[in-house]
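This report refers to the structure that appears directly beneath it.
Per chain, numbering begins at 1; letters A, B, ... match sequence-line order. Small disclaimer: the values here were computed from a predicted structure and weren't measured.
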Amino acid sequence: MKISTFVFTFKQGFKNIFRNKIFSLATIATIAACIFLFGLCYSVIENVRYSIQKAETNVAVTVFFDEGISEARIQEIGDAIRGRSEVASVQFVSAAEAWEAFKVDYLGEYADGYEGDNPLEGSENFEIYLNDVSKQQQLVSYLETVDGVREINHSDVTANILTQFNRLLSYVSLGIIGILLAVSLFLISNTVAMGIAVRREEIGIMKLIGATDFVVRSPFLIEGILLGVIGASIPLIAVYFIYNKIIVYAADQFAILNDILQFKTARDVFSVLIPVALVMGVGLGFFGSLITVRKHLRV
Amino acid sequence: MITLENVSKSYTNDGMPALNNVSLHIDRGEFVFIVGDSGSGKSTMIKLLLRELTPTSGRIIVNNFDLSRLKRRKIPKYRRNIGVVFQDFRLLKDRNVYENVAFAQRVIEVPTRQIKKNVPAMLSLVGLPEKYRSKTKELSGGEQQRVALARALVNNPPILLADEPTGNLDPRNSWEIMKLLEEINRRGTTVVVVTHNREIVNAMRKRVITVKKGIIVSDEEKGEYIDED
């Protein structure tokens with residue numbers, strides 16, 4: 001394609017937006033509505049998933065050792081556990097630290113009677129935090145084979161609930177995104193149908209003059225892409241401001257739930273949402289235009 | 001230049017053909033009227049020549065292009081050999097006169113520098129040099145048809161097809177358009193005019209091909225419009 005043709009094609013695509021204002025506004029509004037719903041849905045799902053992930057990281061497997069085990073062996077076991085892929089972190093808790101924590105959690109002022117004694121002598125342990133709670137059983141099975149390990153404490157129920165909830169959330173989010181896409185396609189196809197009447201004559205004239213399919217298609221495709229970018233940008237800006245307001249509001253109003261409700265920063269959410277939404281917008285605009293033009297190319 | 005050999009075209013399997021075993025030949029530089037009443041097959045002939053339709057049977061050769069064998073991707077190249085004007089002008093209403101004429105050059109990728117020379121020259125030929133910035137809806141019917149003519153001719157096609165070019169015009173404008181077509185023909189372009197304007201056909205004394213119910217019923221040099229009955 002010659003440079004002058006490319007410049008003409010781009011200009012035509014840009015001008016087409018203003019030539020067909022109603023069609024352009026309808027397309028932008030449709031794409032914006034779809035991307036806005038998608039953005040809200042994505043933000044909510046991402047934050048729920050984030051909260052679950054945070055909850056998962058607090059689920060620990062505790063490993064106790066055989067009596068009389070050497071410090072060198074404990075070190076070896078710790079190194080082996082740290083080397084496993086499902087392990088996020090390993091924390092050594094000495095018997096004295098375990099007793100201090102127990103006193104704070106359960107005895108309070110009554111702990112004075114135990115002065116000088118440590119009833120938890122021999123209960124030094126590793127607290128192991130996982131990066132994927134669904135692999136807890138895999139880790140436990142491994143630990144059961146390790147020489148020097150006396151006891152392993154873990155909660156199957158918590159791990160299972162979190163794993164199942166995570167899976168359920170994946171299905172729900174897939175379902176919602178699927179429905180949104182179907183609704184988007186329905187809306188876009190209707191909007192595109194509106195534009196057909198406006199386009200028919202122009203495409204017919206271009207074809208009769210001797211324009212190739214490529215030259216006929218290009219301005220419409222560029223128009224579709226530009227409408228997609230505009231249609232995606234508007235809801236992204238709106239969702240960005242709404243998101244920031246909501247997380248500040250929620251942090252203020254529900255401070256008591258701060259341990260449960262964990263929000264991702266806008267930067268984290270939008271680093272994924274911006275490219276995905278732009279690709280969706282451009283895709284919807286591009287394919288919407290392509291379908292319209294293809295219908296009328298056979299002149 | 002234009003040859004039809006035993007061309008038939010049916011729109012349905014069992015109905016009357018719109019064209020029935022038509023054969024004709026038009027030489028380079030000729031001026032030809034194709035006349036006939038509504039439904040006689042004139043428009044089908046134009047659509048076949050534009051390769052909007054393909055014949056049910058027979059062979060059409062235009063400027064060495066065999067339209068029966070022409071591949072879809074070659075159609076744009078073929079159509080650049082033919083300028084075409086219609087009764088309803090088919091101008092882009094949201095663009096001005098200059099843009100409408102330049103559009104024909106843009107879509108075949110003529111460089112901008114060349115377009116800036118060609119379009120004013122063509123607007124001068126059709127007598128509208130001062131109207132280049134006007135929107136087409138601001139023009140009279142006659143002026144719109146002149147713009148359509150300028151657009152059809154700006155790429156220098158060897159053939160001009162005019163489908164009822166005076167159908168929407170008053171007698172004065174009709175005559176002006178016909179004079180322009182005659183001038184274009186004098187410059188070497190083969191001109192084929194489909195019309196049922198009896199007065200113009202009879203006055204111009206050109207070759208007249210009369211089509212009736214899909215059949216050529218007469219083909220005369222310096223002919224006249226023959227009545228249906």
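Neither the backbone nor the side chain of N81(B) comes within contact range of chain A; no heavy atoms are under 4.5 Å apart. Contacts of L91(B) with chain A are made by backbone atoms alone, with heavy-atom separations under 4.5 Å and no side-chain atom involved. Contacts between Q105(B) and chain A at a heavy-atom distance below 4.5 Å are absent for every atom of the residue. Heavy-atom distances place no part of Y78(B) under 4.5 Å from chain A, backbone and side chain included. Contacts of K93(B) with chain A are made by side-chain atoms alone, with heavy-atom separations under 4.5 Å and no backbone atom involved. For R95(B), the part lying under 4.5 angstrom from a heavy atom of chain A is the side chain only.
Nearest heavy atom pair, residue T195(B) against residue V201(B), reads CG2-CG2, 3.5 Å. Looking at every heavy atom in both residues, I177(B) comes nearest to P165(B) through CG2-CB, 4.4 Å. Of all the heavy atoms in V126(B) and R146(B), the pair that sits closest is O-NH1, 2.6 Å.
Geometrically, K206(B) does not engage F33(B) in a cation-pi contact, judged by NZ or CZ lying under 6.0 Å from the ring centre and within 45° of the ring axis.
Most heavy-atom pairs under 4.5 Å with chain A, from the set R90(B), E109(B), R151(B): that is E109(B).
Checking side-chain atoms of E30(B) against main-chain N and O of V191(B) turns up no donor-acceptor pair under 3.5 Å.
The only member of T212(A), I209(A), T9(A) that meets side chain to side chain contact (heavy atoms under 4.5 Å, CB included) when paired with V107(B) is I209(A).
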